[in-house]
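Read through the structure below, which is laid out as structure tokens, and then see the notes.
As a basis for the values below, the full set of heavy atoms in this structure was taken, side chains included, without hydrogen atoms, waters or symmetry mates. As the structure is a prediction and not an experimental result, all values here were calculated from the model. Lettering follows sequence order; numbering is per chain, from 1.
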Amino acid sequence: MKNGKAAFTLPGVLADIPTHYCPGCQHGVAQRLVAECLDELALSEKAICIGSIGCSVFIYNYLKVDSVEAPHGRAPAVATGVKRARPEAAVFTYQGDGDLASIGMAETMHCANRGERVTIVFVNNTVYGMTGGQMAPTTMVGQRTTTCPGGRCADNEGEPIKMTEIIASLGGTAYAARVAVDSVKHVRAAKKAVRRAFEAPLNNLGLGFVEILATCPTNWKMTPVQANKRISEELIPYFPLGTYKNLMGEQAAEGTEVEG
Amino acid sequence: MMRPVEFREDRCKGCALCMTVCPGEIITMSSRFNTSGYKVVEVRDEVVEECTSCAACALICPDYAVSVWRKPAKAKKGETADVHAG
């Protein structure tokens, strides 16, 4: 039915090439949502992507925008420099939880606290994916990883860090939300949140932050379908979805409701 | 045969997430392997008419392996639209 109207089209800014991700890894969905928002907001020519370290590192292969690769965890610091040197650019980072919540915690918090006009897309899969499944700050209590083979123990390693709540509490943040991409309904809601996270700095209100809960079937030692179920059964009860801060007001927020 | 949904078998990694979201449950795992060694999903010819072009499979697919097209509502309407467009 190729003569018919397409019910689904890939955004033009997304490179249509095979990804390096494992089967069922939701980085693919996350980066597609970013690409769709870049297309809708017509940012492909003025966007500058700051890559991070981890499985998210190859974002520069998949998005056809100018990119800078940052040292581990320092993407928000690099984004700060890029944005201040090129204020007209739409600057965003694409980071995983090992990068953003661990080694990059200081850079992330100070970037948000200063209210840099950048967007942070944070893909949280509760584990260090690329390096082989070590415990991350967001690893769930009881979750087995290679560095906590008996499961994360709250007494020794503490509770998983809730980054969106932390970022939302900082003064420079204009928009902070947590979304998931485990169901069609959640994917549609995630798209709106990513779009608002891009709109907040474009409207000169402050930092836009969106946390996307994603699976890592390989390091969770699960099938993709089991891993996807874990999102709704284990992760969402601890990491509640929702908008934690939105300075754009109802009018701006309603404007994005049009997009399905 | 006109198919409203097609899978790019070279992209499919057989994660089966599309099978879990299809409202008609018409997507099944095939017995074929692609060149990367992954089993690929398929919609069999006998159930492909049940596809409603909802594109849920395309939205959940992490590997952009699904293409979905809307079905023309009626053949006559399609012809009329073409005349106006021309």
Side-chain angles (χ1 to χ4, degrees), chain A residues 1-33 35-36 55 62 123 125 180-191 212 214-218 222-232 259-260, chain B residues 1-25 27 29 33-41 43 48-49 51-75 77-79 81-82 85:
Chain A
M1 212 167 281
K2 283 176 185 159
N3 306 327
K5 202 180 161 203
F8 172 83
T9 45
L10 285 177
V13 71
L14 187 74
D16 192 13
I17 53 171
T19 63
H20 75 289
Y21 303 119
C22 304
C25 171
Q26 288 171 338
H27 262 298
V29 181
Q31 69 189 22
R32 193 193 77 220
L33 296 179
E36 285 176 355
C55 288
Y62 303 129
V123 180
N125 60 9
V181 288
D182 64 322
S183 67
V184 173
K185 187 182 161 198
H186 284 162
V187 171
R188 291 190 200 279
K191 164 84 174 291
I212 303 173
T215 57
C216 183
T218 300
M222 291 176 174
T223 68
V225 173
Q226 287 170 338
N228 202 45
K229 267 189 195 153
R230 181 178 182 246
I231 296 272
S232 54
E259 297 299 329
Chain B
M1 184 176 175
M2 305 275 267
R3 297 176 68 90
V5 57
E6 270 178 22
F7 294 90
R8 291 195 282 183
E9 297 204 347
D10 57 327
R11 294 292 174 84
C12 180
K13 292 176 183 167
C15 71
L17 290 180
C18 51
M19 291 164 60
T20 65
V21 297
C22 179
E25 298 183 358
I27 306 173
M29 190 63 75
F33 291 90
N34 65 13
T35 49
S36 305
Y38 294 118
K39 262 196 179 176
V40 295
V41 295
V43 177
V48 75
E49 287 298 314
C51 176
T52 59
S53 304
C54 72
C57 47
L59 280 175
I60 206 83
C61 178
D63 293 289
Y64 328 127
V66 196
S67 304
V68 187
W69 292 274
R70 289 191 208 291
K71 294 179 180 178
K74 288 265 160 50
K77 271 190 183 173
E79 281 168 22
D82 284 343

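- A6(A) approaches W69(B) most closely through the heavy-atom pair CA-CD1, 3.7 Å.
- Listed here is the closest heavy atom pair of L17(B) and P224(A): CD2-O, 3.8 Å.
- Per-residue counts of heavy-atom pairs under 4.5 Å with chain B were compared for P217(A), C22(A), G24(A); the largest is that of G24(A).
- The part of V181(A) that comes within reach of chain B is its backbone (N, CA, C, O), which places non-hydrogen atoms under 4.5 angstrom from that chain.
- Ranked by heavy-atom pairs under 4.5 Å with chain B, the first of V184(A), T223(A), D182(A) is V184(A).
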Can you give me every donor-acceptor pair (side chain of residues 58-66 of chain B, partner residue at least two apart or in another chain, under 3.5 Å) with its distance?
{"unit_1": "D63(B)", "atom_1": "OD1", "unit_2": "T19(A)", "atom_2": "OG1", "d": "3.0"}
{"unit_1": "D63(B)", "atom_1": "OD1", "unit_2": "K13(B)", "atom_2": "NZ", "d": "2.9"}
{"unit_1": "Y64(B)", "atom_1": "OH", "unit_2": "G28(A)", "atom_2": "O", "d": "2.7"}
{"unit_1": "Y64(B)", "atom_1": "OH", "unit_2": "Q31(A)", "atom_2": "NE2", "d": "3.0"}

All N/O donor-acceptor pairs, side-chain side in residues 7-18 of chain A, below 3.5 Å, sequence neighbours left out:
{"unit_1": "D16(A)", "atom_1": "OD1", "unit_2": "R8(B)", "atom_2": "NH1", "d": "3.4"}
{"unit_1": "D16(A)", "atom_1": "OD1", "unit_2": "R8(B)", "atom_2": "NH2", "d": "3.0"}
{"unit_1": "D16(A)", "atom_1": "OD1", "unit_2": "R11(B)", "atom_2": "NH1", "d": "2.9"}
{"unit_1": "D16(A)", "atom_1": "OD2", "unit_2": "R8(B)", "atom_2": "NH1", "d": "3.0"}

